[in-house]
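The structure appears right after this line, and notes come after that.
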Amino acid sequence: MRGVFGRWCGAAWLVASVLLVSLAGCDNSPWESGAASKNTLFTAMQESSPRHMDPTASYWSNDTTFTYQIYEPPYGYHYLKRPYQLIGKSAEEVARPRYYDKDGNELPEDAPADQVAESVYDVRIKHGIQYQPHPAFARDANGRYWYHDMKPGELGTRTSPMQFEHTGTRELVAEDFVYALKRHATPRITTPIFGIWSEYVIGLKDYGDLIRKEDKKLRAGLDPSSLDLPFLDFRKYPLAGATAPDKYTFRVRIKGRYPQWSYWMAMTFMSPVPWEVDAFYAQPGMAAASLTLDTWPVGTGPFMQTEYFKDRRQVMVRNPNYRGEPYPCEGMPGDKEEGLLDDCGRKTPFVDKIVVTAEREKVPQKSKFLQGYYDLEVFERTDLGMEYIVAKQDSEEIRKEYDAKGFRLDRFDDVWSYCIAFNMLDPVIGKGDTPAQQARNRKLREAISIAVDWEEYSRIFPNHAGATAMGPIPNGIFGSREKTPEGINPVTHRLVGDLPVRRSLDDARQLMAEAGYPQGRDVRTGRPLVINYDYYALPTPERKVEIDWMVRQFAKIDIQLEVRATDNNQFQDKVRKGKHQVFWTGWNADYPDAENFLFLFYGPNSKSVSDGENTTNYQNPEYDRLFEQMKTLPDGAAKQALIDKMVHILQIDAPWSFGFFPYSSAAVQHWVYNSKPAILIRDHGRYLRLDVDERVRRQAEWNKPVWWPMVLLTLALVGLLLLAARSFKRRERMNARGEVLAA
């Protein structure tokens, strides 16, 4: 029996040893063992994967984490210089347009806009740029494409381009940009800027009609619900406004003078799309397997996507075919002192991999950053640092902790906004069918605009604070009057001394009565006024506080607010179908020009009608007329005068309750170098550099394991095993004694 007891004791100490040894190798890292020591950047995406990574369809900031690292439009912005400076990206340089009159005669650069019938941009593409490896380019020994003639069922179980045996590449040529521009006429996917581009690119509007007819022919006789559609080959259909005079020249012809066209060519809308990729993804079974450009983009940029697990994790790795554009050697005053020029001339990118994990909740997202497991909290967000700045101001203990950790939390002004907007197609809150109804609905919108106290919002939610907006154009964009007495919104504010003061709730209630809703009840029916409020994110605990605040704002003028919070993809569907009423929205500048904010109210750019970015579906003929004049003008007194008139129209019509222009500050770890966040700089992945040794050291310091609970648990387990052994030994003795007595 001593042998049995000894074995029990040995087992107990063996279990204890195994537990202690295994604990010695444990940590709380969410990543695989050794990940911190690799040249991999870890960051989060909020809630869900991007809905669109197809450059024709993508127009949401969540997409840009991937699209701007993978694609290369002709132009980009200098990473360090402010004001923003356009530079060549896949193009050799920014092309200067040539101007022609209606008879085809070339005009001087300073020709008046009313004489310019056409602007021609000849964009020279860099030689030798190669696409990322992809099966769409793979050819056999005879030059035939390996995967361009796949039969139904041949795809098998493949769900990723990485699962194909053969890959290939080819050089970027001007025809790829021609194909990309033509592709905006497709009826098969959402095309958010086709409406506005068709106003400028010669022949594009008629080209859209042609492509719809050709697409209808291709679909004839097919099951309308089928995901498999014949390849719509845009090479077959010429477009006068987009051609390639030679292999490396991309020519665009624009109606009249439109200075903002160069800015559009810095966006991923103008990224090259090779016809081979379009043809590859058009084959049977591809769409059902999520093998599309929306899920698996193909570009010439510094990174390529290699993993895609919807709403969980996406991974980009260094594109082996990327040429290595050099890091800039010039910047702004102070950049050298900040170390932002230390990598002058070195080939980019500096990181080998970018891992992006979906986070449904704010708390675990922030915790991983505080523990050092996220290098950037959210890759594309430039506002999350505000939370840390406010926390430092509120607590000396937190200030010391964050300073010791070395978080990079520089605060700066940027070109973006948040607001409450109204769907002008809605019969209650929108434009209205008759002049009398239009007046009543306008007064209702004005009353709400007064009641929603954005100054209070910034005080209560300092993490999202900003300057209260008087109109749609943020400070820093030519045409903005935000910091002048002339810019005050007369509907919502009055000037007291030198300061704008929000109008009283009595003013708002008077407008409610004039709108036909005294004390929040319809004078015709006696029923309370109930308005739907659409929010483009799920009501997590931290968001619910803000949503509840908005409910209280409407309640101040006796309006009942019905909250309809959804995820972003559902919200986008609702807006596209015009099923929204009052909604939270925001806008990040696409380019540094007032037109990019004012086109959000341009009638032909309506979201629910023409799939543009006018999400309010606002229509005002006078505003549209002024907009069409303003967009052709260079910055100057004439342009300012038109902008002032347009902003005044918007203030009176109130399609938005102009909210606030948030302060910006990204949340970045100290070991991430070359970080200079900005709304317009979306391709920053190639510039960021990691000190992985510092990361490993800091993660170990910030996440020291607490051993004593596990040691106590282990000792308790050993004690239980020894107690069980003793009990077993006593029972064996009693059994033995009983056997002797029986004998």
Side-chain angles (χ1 to χ4, degrees), residues 45 49-79 84 86-91 94 123 125-126 129 131-132 134 172 174 176-186 189-197 201 234 242 250 252 260-274 277-278 281 292-305 308 314 316 319 322 325 349 354 356 379-380 416 572 587-592 596 599 611-613 678-687:
M45 56 184 167
S49 292
R51 178 161 189 181
H52 298 297
M53 289 187 285
D54 185 325
T56 304
S58 173
Y59 206 2
W60 197 254
S61 61
N62 299 31
D63 309 346
T64 60
T65 296
F66 306 95
T67 54
Y68 277 86
Q69 318 322 309
I70 293 171
Y71 295 118
E72 286 189 300
Y75 305 154
Y77 292 98
H78 192 286
Y79 185 55
Y84 299 103
L86 276 178
I87 59 173
K89 201 169 186 179
S90 54
V94 177
V123 182
I125 305 303
K126 294 176 181 176
I129 296 177
Y131 283 99
Q132 68 182 68
H134 194 274
L172 171 70
D176 298 331
F177 292 97
V178 174
Y179 191 92
L181 201 157
K182 290 177 177 179
R183 198 166 172 268
H184 283 276
T186 181
I189 58 174
T190 181
T191 54
I193 51 87
F194 174 76
I196 193 164
W197 276 16
V201 179
F234 293 93
F250 169 45
V252 185
Q260 293 80 14
W261 179 255
S262 291
Y263 292 130
W264 282 110
M265 289 199 287
M267 298 179 66
T268 51
F269 289 127
M270 203 59 260
S271 297
V273 176
V277 171
D278 221 13
Y281 285 138
T292 68
L293 273 174
D294 258 349
T295 306
W296 293 101
V298 181
T300 63
F303 295 96
M304 54 184 282
Q305 183 173 268
Y308 177 88
Q314 291 176 234
M316 293 179 287
N319 174 6
Y322 185 63
E325 288 288 319
I354 301 176
V356 191
F379 188 87
E380 83 282 357
W416 62 317
Q572 292 299 312
W587 186 254
N588 298 341
D590 296 317
Y591 47 85
N596 188 235
F599 92 128
D611 205 19
E613 287 307 311
I679 289 292
L680 288 177
I681 307 295
R682 295 289 176 155
D683 61 342
H684 49 298
R686 67 183 175 125
Y687 300 109

Seminar exercise, completed: Value for CH2 (W416) from CG (N588), rounded to nearest 0.5 Å, stands at 6.5 Å
Problem set entry | Working for side-chain contact (heavy atoms from CB on, under 4.5 Å), residues V252 and W264 | CA-CA 12 Å; V252 185; W264 282 110; over 6 Å; no
Problem set entry | Any side-chain heavy-atom pair of Y263 and D590 under 4.5 Å | no
For this session: Mind checking the CG-CG spacing from L181 to D176? Nearest 0.5 Å is all I need.
Result: 13.0 Å
Problem set entry | Test side-chain hydrogen bond (donor to acceptor under 3.5 Å, both in side chains) applied to H52 and T295, T292, D294, the passing residue | D294
Problem set entry | Point-to-point distance, once rounded to the nearest 0.5 Å, from CE of M265 to CZ of F250 | 7.0 Å
Problem set entry | Inter- and intrachain pairs under salt bridge (charged side-chain N to carboxylate O under 4.0 Å, His left out), touching residues 60-75, at least two apart | E72-R323
For this session: For S58 and P55, indicate whether the former's side chain and the latter's backbone hold a donor-acceptor pair under 3.5 Å.
Result: no
For this session: May I have the step-by-step check of side-chain contact (heavy atoms from CB on, under 4.5 Å) for F66 and M45, ending in yes or no?
Result: CA-CA 11 Å; F66 306 95; M45 56 184 167; 4.2 Å; yes
Seminar exercise, completed: Separation between CG (D278) and OG1 (T186), nearest 0.5 Å, reads 8.0 Å
Exercise. Only one of W197, F194, Y59, F234 clears ring-ring contact (aromatic ring centres under 6.0 Å, His included) with H184; which?
Worked result: W197
Exercise. Counting distance only, does the side-chain N/O of K89 pair as donor-acceptor with the main-chain N or O of Y77 below 3.5 Å?
Worked result: no
Seminar exercise, completed: In terms of heavy-atom contacts, Q69 and G685 come closest through OE1-N, 3.1 Å
Seminar exercise, completed: Correct closest heavy-atom pair for A242 and V178 would be O-CG1, 3.5 Å
For this session: Calculate, to the nearest 0.5 Å, the distance between atoms OG1 and CZ belonging to T268 and R682 respectively.
Result: 10.0 Å
Exercise. What's the verdict on side-chain contact (heavy atoms from CB on, under 4.5 Å) for V201 and W261, showing C-alpha distance, side-chain angles and the deciding distance?
Worked result: CA-CA 10 Å; V201 179; W261 179 255; 3.8 Å; yes
Exercise. Are the side chain of Q132 and the backbone of M304 linked by a donor-acceptor contact shorter than 3.5 Å?
Worked result: no
Exercise. Can you find a heavy atom in the side chain of I70 that is under 4.5 Å from one in the side chain of Q305?
Worked result: yes
For this session: Return the minimal non-hydrogen interatomic distance between G88 and V94, and the atom names on each side.
Result: N-CG2, 4.2 Å
Exercise. Does V273 offer a backbone N or O that forms a donor-acceptor pair with the side chain of Y71 under 3.5 Å?
Worked result: no
Exercise. Ring centroid separation for F379 and H684, is it under 6.0 angstrom?
Worked result: yes
Exercise. Looking at A266 and P73, what are the two nearest heavy atoms and their distance?
Worked result: O-CG, 3.6 Å
Exercise. How many angstroms lie between CG in L680 and NE2 in H78, if you round to the nearest 0.5 Å?
Worked result: 15.0 Å
Seminar exercise, completed: Correct closest heavy-atom pair for V123 and A91 would be CG1-CB, 3.6 Å
Exercise. Got I125 and F177 here, is their nearest side-chain heavy-atom distance under 4.5 Å?
Worked result: yes
For this session: For Y308, check ring pair (Phe, Tyr, Trp, His ring centres under 6.0 Å) against everything at least two apart and list the hits.
Result: none
Exercise. Do the side chains of P50 and Q314 get nearer than 4.5 Å, heavy atoms only?
Worked result: yes
For this session: For residues 50-60, pull every pair meeting salt bridge (charged side-chain N to carboxylate O under 4.0 Å, His left out), keeping only residues two or more places apart or in separate chains.
Result: R51-D573, D54-R183
Problem set entry | Verdict with reasoning, F303 to Y322, per side-chain contact (heavy atoms from CB on, under 4.5 Å) | CA-CA 8 Å; F303 295 96; Y322 185 63; over 6 Å; no
Problem set entry | Main-chain N/O of S262 paired to Y591 side chain as donor or acceptor, under 3.5 Å | no
